[in-house]
Amino acid sequence: MPPSVEESPIAAEGAAADGTAVPAGAPLPRDPVFPYSTLMKRFPDLSTAQLINANNYDLSDVLAGKVDPRAPPVIPTDADAVVVGAGMAGLVYALELKCARPEATIVVLEKSTEPKYKIGESTLSPFSRFCFSRVLPVPYMLRLFGLKEGLDFALVDRDGGEVHYQDIGGLDYSFQLERQVSELLFTMKAQQIGVKVFYGVSVVPEKSTISSSAMSKTVGFSMSSAVAAPAPVSPLHIDAKKPASVDVSRSPRAYHHDSENPVAKWWHNTMSHLHVPKPESAKGLGRSMSARTSKSPEPSEGNPLSRKLSVKKPKAYGSVSSARSASYDYKAPVKISTKTAAAEHSEVISAKVVADASGLTRALVAKESKAQKFDGMDFHSYWAYFEEDMFKPEERIRDWLYPATNHICYNEGWSWWIRLLSWNQTPLANLMDYINYLFVLQSHNVKSRDLPTIAKLAKTFNCVYKPIVSVGFVVRTETMDTFPPAPYVDAKSTLDGEQKFWAIVHAYPDAERVLRDSGRYTILRKYYGPARGTYFTRRNMAYYQDTVAGDGWYGLGISVGFTSPLFSPGINMICIPTGFLAATLTARQLGGGDDAAREAKQDFVKFVSKHVQDLRDVDILLYNMFRHPRFFDAIFPLFYVNGLADVGKYSEDFQPREIYWANGAGEATWPTLTAELFPLIQQAELTEELIAKVEEVCARQTADIKDRYRGATKYSSYMRYYDDDLNYLSEKGYRANAEFPAIRCTECIHANALRYSSKCIMCGAVLPKHKGALNDFDDC
């Protein structure tokens with residue numbers, strides 16, 4: 001058996017010690033590559049946007065001096081599709097369209113100079129399967145993100161009385177995301193397969209026209225100073241005796257000489273007090289390595305979902321290419337080409353299709369439609385970030401350390417407790433090197449058991465990670481005035497978010513004890529920067545757009561609407577479904593004309609109209625369910641059984657049917673469920689007779705759905721406290737015959753996916769056995 005990566009020094013493919021090419025499948029060479037850190041070394045004045053935009057070129061050309069990354073980006077004047085916004089919805093659309101139409105020219109414009117902080121950190125099955133099919137397999141994703149194995153709910157009251165519990169999971173592994181990292185990952189994957197993603201470029205609505213002829217749109221744009229500055233005329237000289245490698249110290253001093261460099265400012269302001277360990281091995285670029293291929297994968301026959309992006313093995317920088325291998329001569333100064341710097345760029349792109357994925361900005365959608373409010377309930381949310389003492393026991397709330405998203409629910413709403421692996425304190429170039437290396441390992445098909453630990457990867461690429469917890473409280477807007485101020489918050493504080501956050505906590509003894517009195521949590525003040533502050537607020541969250549598409553344009557993600565954060569609909573139920581469907585329709589439209597565009601619009605509008613209303617109906621059911629413990633105990637099993645339906649129809653790959661799921665509202669049994677329950681649970685007064693009626697309806701409908709799918713779904717595998725007949729077993733506490741068991745390391749408390757490794761992916765310690773695991777998974 002060849003030595004595992006974990007047993008050998010971390011290596012990247014591309015060149016052996018003697019400079020010869022390494023064939024695919026061979027053991028990895030010993031020297032890692034640091035292409036993005038090298039760019040920062042060579043071009044100390046490079047902005048974060050220029051660093052990311054350099055990935056649109058062949059990196060071997062950039063590093064060899066044939067392309068100057070400081071020059072204004074050359075943005076195509078014509079494109080098949082232009083995407084506004086490099087968030088999850090826009091990148092899902094771009095990835096899916098490029099997979100379906102490899103020859104298509106796709107341009108993504110993002111106004112930010114790098115991926116920015118966003119809320120929406122918890123994911124569900126659709127996201128996990130999309131990543132498996134289009135981005136990275138689960139074990140690789142878990143080197144960047146926290147593990148999520150299901151959702152746990154605890155309903156509490158204001159008297160600190162009995163706690164009621166429900167949970168769901170076991171369908172697959174999903175992730176707790178730090179959004180700026182997930183968007184960087186998706187950006188790099190999109191660029192890797194030929195999508196042009198430009199940061200620091202804003203869309204100008206006044207110069208854009210999307211209501212014209214179906215196949216003729218224009219998108220105006222402007223470049224920020226971070227990317228528009230002209231390239232230097234004089235060539236950049238590099239010490240001929242030293243390879244252009246990453247500075248092994250990677251200390252804040254590496255950038256202090258350039259006070260105008262955004263990276264330097266960031267280091268100086270927020271990182272100078274941190275100790276960053278030196279990597280064990282930072283020997284620089286190999287003498288010979290190949291460039292990332294720019295050729296797109298070819299489509300396969302049949303279902304477009306069967307076309308994985310790995311069909312043609314798109315290369316990470318440093319991976320083996322049979323086409324060519326670029327060698328770098330460090331004996332002479334790098335000559336900077338002025339060709340790119342002199343190239344003229346247009347401020348308007350002509351496009352056949354435009355997709356607005358600009359989120360709440362609604363940059364172009366707002367030109368064609370207006371946001372509308374739903375009738376009835378709306379929601380406010382308040383959240384902050386904390387450190388957690390994971391070794392401190394929690395004796396009141398059951399299973400608090402289970403690797404799921406925790407939820408403490410209450411009459412007026414619910415809360416989320418999401419454990420994240422944060423990379424916020426890592427320089428962008430280092431994180432890009434880390435992600436690039438995961439692509440390298442993927443191209444070698446390295447088994448999950450042979451992947452390096454997070455600790456080793458972070459040390460090699462000088463990345464600083466920190467476990468943090470996102471804690472947020474969501475309430476129905478009409479109930480916010482029922483929360484008296486918390487006595488320990490200064491009444492004169494001008495921070496409304498802080499007052500409201502702690503007022504909700506103070507109203508519920510169990511929430512207050514866990515978060516404030518137990519000593520388990522310490523608040524992280526201004527963790528994502530002074531401008532963002534410590535407490536975050538989003539009010540009146542629910543809305544929809546009255547127009548979501550036209551002939552040749554689509555609104556994507558929350559540009560078309562949002563309901564509430566419950567069950568994480570943002571990424572999972574809005575971004576992925578709208579991005580995937582719009583990409584599928586665009587691929588069809590590009591092969592047709594104006595008639596195809598009109599048909600695509602009709603299909604998209606029909607889907608979004610129903611889909612957003614379905615998500616709204618889920619909110620109506622669940623928020624009313626929180627109003628009484630007996631509602632909670634009766635409705636949750638029904639909701640789960642309806643949503644699970646026939647789980648055998650799903651696989652690891654993303655499938656088109658998933659866009660219609662809508663947390664179970666897309667299932668055939670949903671209309672019957674809502675028609676009978678909604679008139680009951682929305683009544684203002686909850687009488688004993690009404691509560692008993694709701695329990696009777698839920699029991700009957702649960703039995704009907706269970707009978708419909710009898711034998712197809714083993715409920716004990718998905719609910720830790722139920723058997724297959726949906727009897728509640730308070731002492732069970734595990735998923736029977738679990739296909740996706742999860743467990744925490746006893747050494748470092750990191751959450752692990754036992755399906756992929758018997759050792760902790762953080763520290764390497766041997767993991768304990770899982771009581772309900774279907775297999776030992778020792779051969780992963």
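We find that E394 and R513 are joined by a salt bridge, their nearest charged nitrogen and carboxylate oxygen being less than 4.0 Å apart. Ion pairing of E689 with K693 is absent here, as no side-chain N (NZ or NE/NH1/NH2) approaches a carboxylate O to less than 4.0 Å. Salt-bridge formation is detected for the pair E658/R129: a Lys NZ or Arg NE/NH1/NH2 atom is positioned less than 4.0 Å from an Asp or Glu carboxylate oxygen. Salt-bridge annotation for K148 and D172: absent, with no side-chain N of the basic residue lying under 4.0 Å from a carboxylate O of the acidic one. Note on R616 versus D375: no salt bridge recorded, every NZ/NE/NH1/NH2 to OD/OE distance being 4.0 Å or above. Classification of K610 and D614 as a salt-bridged pair holds, one side-chain N sitting under 4.0 Å from a carboxylate O. Taking the charged nitrogens against the carboxylate oxygens, K118 and E183 do have a contact shorter than 4.0 Å, which makes a salt bridge.
The ring of F654 has its center closer than 6.0 angstrom to the ring center of F580. In summary, the aromatic rings of Y722 and Y715 are positioned with their centroids too far apart to meet the 6.0 Å limit.
The shortest distance between side-chain heavy atoms of L621 and F639 falls below 4.5 Å. Contact check for F631 versus F636: no side-chain heavy atoms found under the 4.5 Å cut-off. Within the 4.5 Å cutoff, the side chain of V475 has heavy atoms near those of the F483 side chain. R538 places a side-chain heavy atom less than 4.5 Å from the side chain of L360. Between F632 and F626, the closest side-chain pair of non-hydrogen atoms falls below 4.5 Å. Here the side chains of F567 and L151 are in contact, with some heavy-atom distance below 4.5 Å. By the 4.5 Å heavy-atom criterion applied to side chains, L644 and L171 are counted as neighbours. In this structure, the side chains of D152 and R720 come closer than 4.5 Å at one or more pairs of heavy atoms.
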Dump the intermediate steps for ring pair (Phe, Tyr, Trp, His ring centres under 6.0 Å) on Y173 and Y756, then the final yes or no. CA-CA 11 Å; Y173 297 120; Y756 297 114; 5.7 Å; yes
Mind running side chain to side chain contact (heavy atoms under 4.5 Å, CB included) on N663 and L124 for me, showing each step along the way? CA-CA 10 Å; N663 278 327; L124 299 174; 3.6 Å; yes
Run the numbers on D619 and S564 for side-chain hydrogen bond (donor to acceptor under 3.5 Å, both in side chains), then give the verdict. CA-CA 7 Å; D619 283 343; S564 92; 3.2 Å; yes
Give the intermediate values and the outcome of side chain to side chain contact (heavy atoms under 4.5 Å, CB included) for residues R134 and K189. CA-CA 9 Å; R134 300 290 183 257; K189 173 58 76 171; over 6 Å; no
The test is side chain to side chain contact (heavy atoms under 4.5 Å, CB included); show your working for I691 and T687 and say whether it passes. CA-CA 6 Å; I691 295 170; T687 65; over 6 Å; no
Take F473 and Y382 through the test ring pair (Phe, Tyr, Trp, His ring centres under 6.0 Å) and record every step on the way to the result. CA-CA 5 Å; F473 292 84; Y382 308 90; 9.1 Å; no
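No donor-acceptor contact under 3.5 angstrom links the side chains of Q372 and Q545, judged on distance only. Judged purely by distance below 3.5 Å, without hydrogens or angles, the side chains of Q166 and Y640 never pair a donor atom with an acceptor atom. Of the N and O atoms on the side chains of W416 and S470, at least one donor lies less than 3.5 Å from an acceptor on the other residue. Looking only at atom types and distance, the side chain of S122 has a donor-acceptor partner in the side chain of T405 under 3.5 Å away. Looking only at atom types and distance, the side chain of N406 has a donor-acceptor partner in the side chain of R419 under 3.5 Å away. T586 and Y93 share a side-chain donor-acceptor pair at under 3.5 Å.
Of the inter-residue distances, the one linking Q589 atom CD with T584 atom OG1 reads 12.5 Å to the nearest 0.5 angstrom. A distance of 8.5 Å separates CD in E478 from CZ in F379, rounded to the nearest 0.5 Å. Here L147 contributes atom CG and L754 contributes atom CG; the two are 9.5 Å apart, rounded to the nearest 0.5 Å. Taken to the nearest 0.5 Å, the CG atom of L177 stands 11.0 Å off from the CG atom of L421. Rounding to the nearest 0.5 Å gives a distance of 7.5 Å between CD1 of I635 and CG of N624.
Applying the side-chain contact (heavy atoms from CB on, under 4.5 Å) rule to S716 yields the partners D724, K732, A736; only residues at least two apart in sequence or on another chain are considered. Under the side-chain contact (heavy atoms from CB on, under 4.5 Å) criterion, Y660 pairs with F607, sequence neighbours left out. Under the side-chain contact (heavy atoms from CB on, under 4.5 Å) criterion, T669 pairs with N642, E667, I705, R708, sequence neighbours left out. Scanning for ring pair (Phe, Tyr, Trp, His ring centres under 6.0 Å) contacts around W400 gives W417, with sequence neighbours left out. Residues that satisfy the side-chain contact (heavy atoms from CB on, under 4.5 Å) test with N540, not counting sequence neighbours, are K373, D378, H380, T477.
Judged by distance alone, with hydrogens and angles left aside, the side-chain atoms of Y165 form a donor-acceptor pair with the main-chain N or O of R398 at under 3.5 Å. Of the possible polar contacts, one joining the S174 side chain to the T123 backbone as a donor-acceptor pair under 3.5 Å is found. Proximity of a side-chain donor or acceptor of T702 to a complementary backbone N or O of A699 within less than 3.5 Å is not detected. Put simply, the side chain of S369 never gets that close to the backbone of V548: no donor and acceptor are under 3.5 Å apart. Distance alone, capped at 3.5 Å, places no donor-acceptor pair between the H407 side chain and the C409 backbone. Counting only distance, with no hydrogens or angles, the side chain of R179 and the backbone of E121 share no donor-acceptor pair below 3.5 Å. A donor-acceptor contact shorter than 3.5 Å is absent between the side chain of Y623 and the backbone of M377. Without hydrogens or angle criteria, D723 side chain to L726 main chain gives a donor-acceptor distance under 3.5 Å. Counting only distance, with no hydrogens or angles, the side chain of H611 and the backbone of M573 share a donor-acceptor pair below 3.5 Å. With hydrogens and angles ignored, the 3.5 Å screen pairs a side-chain donor or acceptor of N752 with a backbone N or O of H750.
Between F127 and F175, the two ring planes are perpendicular [angle over 60°; tilted spans 30° to 60°]. Ring-plane geometry between F186 and F130 is classed as parallel, the angle between the planes falling under 30 degrees on a 0 to 90 degree scale with a further cut at 60.
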Under 3.5 Å, side-chain donor or acceptor atoms of residues 136-145 against the rest of the protein: list the pairs with distances, not counting sequence neighbours.
{"unit_1": "Y140", "atom_1": "OH", "unit_2": "L441", "atom_2": "O", "d": "3.4"}
{"unit_1": "Y140", "atom_1": "OH", "unit_2": "V446", "atom_2": "N", "d": "3.3"}
{"unit_1": "Y140", "atom_1": "OH", "unit_2": "V446", "atom_2": "O", "d": "2.6"}
{"unit_1": "R143", "atom_1": "NE", "unit_2": "P452", "atom_2": "O", "d": "3.0"}
{"unit_1": "R143", "atom_1": "NH1", "unit_2": "P139", "atom_2": "O", "d": "3.2"}
{"unit_1": "R143", "atom_1": "NH2", "unit_2": "L451", "atom_2": "O", "d": "3.4"}
{"unit_1": "R143", "atom_1": "NH2", "unit_2": "P452", "atom_2": "O", "d": "3.4"}

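No more than 12 heavy atoms of other residues, nucleotides or ligands lie within 6.0 Å of NZ in K759, so this atom counts as exposed by the packing criterion.
Each of R476, R158, R627 was compared with E412 under the side chain to side chain donor-acceptor pair (under 3.5 Å) criterion, and only R158 meets it.
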